[in-house]
Amino acid sequence: MEVLKVENINKSFDGVHAVKEVSLKIETGKIYGLLGPNGAGKTTTIRMIMNIIVPDSGKITLFNQPMEDSLKAKIGYLPEERGVYPKMKVHEFLKFLGELHDMRGAGLDEQVDLWLKRFDLATMGHFKVEELSKGNQQKVQLIGSFLHDPQLLILDEPFSGLDPVNVNLVKEIIMEFKEQGKAIILSTHMMDAAEKICDHVYLINKGQKVLDGELDKIQQQYGHNSVQLEYK
Ligand code: ATP
């Protein structure tokens, strides 16, 4: 089932054409890699999907409706910029995020505790967010993005600042979400970390889509290092 359709979106900043005619089609039960080097236009594309910035032209359809802010409730979003509310305690911060998505009471507490445990942060619930290492802050932000069980998960650089053990944990969780039928967009410049778990790859370079297809078909056609090769 289609959850997101992006048709020929464009965005320029002071004469820099950051996103050119990008189109994406996102369906449930699949992991989509939005891959490309720094500055390729991935974050700008995501911010347009999230209605944070408005495209100069093109069309975005979410859950078969034109984009509007109320639809954001169905999305889990890990923004590229981190560190909001550094003074809040970890548990309190996550409860606050859950409440923003209409989660309440014992169920919310239970979910927060379960996820903290899964990320080996069970003893850190009473620390302030700013007291955690960058990697642990990243894990807290990740929990915040999927606490409310969204149908579509958009993760901007989810692996940054994580050690290999936690990169694997995040990949494992993303795979579980896929099995549950969620749609996941994984935006990263860390191609080798993302590539293996993606069903479909959108490779962006200099604002434009340069590869679009099922990962196994791309590999059959161009060889196993195709995504990295195209990227250089
Ligand atoms: P990164 O991981 O480095 O953020 P990216 O692929 O997400 O890379 P974008 O952040 O979307 O790339 O940036 C695409 C281009 O648009 C870059 O040249 C960037 O400098 C420019 N850009 C993005 N946002 C703005 C802005 N608000 N004002 C001016 N230029 C911008």
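Remember, it's 1-based here, ligands and their atoms both numbered in the order they're listed.
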**OP:** Please list all pairs passing the ring-ring contact (aromatic ring centres under 6.0 Å, His included) test where one or both residues lie in residues 36-78, with sequence neighbours left out.
**Re:**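 Applying ring-ring contact (aromatic ring centres under 6.0 Å, His included) to every pair that reaches into residues 36-78, excluding sequence neighbours, yields nothing.
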**OP:** Give every residue pair that meets the ring-ring contact (aromatic ring centres under 6.0 Å, His included) criterion with at least one member in residues 88-111, sequence neighbours excluded.
**Re:**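 Checked against ring-ring contact (aromatic ring centres under 6.0 Å, His included) - neighbours excluded - the pairs reaching residues 88-111 are Y85-F96, H101-H148.
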**OP:** Please list, by chain and number, the protein residues whose heavy atoms come under 4.0 Å of ligand 1.
**Re:**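 Its neighbours under 4.0 Å (heavy atoms only) are F13, A18, P37, N38, G39, A40, G41, K42, T43, T44, E80, E157, given by chain and number.
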**OP:** Inspect the surroundings of NZ in K89 and state if more than 12 heavy atoms from other residues, nucleotides or ligands are less than 6.0 Å away.
**Re:**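 No, not enclosed.
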Original post:
Charged N to carboxylate O under 4.0 angstrom, K95 versus D109?
Top reply: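 A salt bridge links K95 with D109.
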Sequence neighbours excluded and cut-off under 3.5 Å, please list the side-chain donor-acceptor pairs for residues 51-60, or say none.
unit_1: N51; atom_1: ND2; unit_2: D69; atom_2: OD1; d: 3.3
unit_1: D56; atom_1: OD2; unit_2: S12; atom_2: N; d: 2.8
unit_1: S57; atom_1: OG; unit_2: N10; atom_2: ND2; d: 3.1

**OP:** Working to the nearest 0.5 Å, report the span between NE2 of H189 and CD of E157.
**Re:**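 Those atoms lie 5.0 Å apart.
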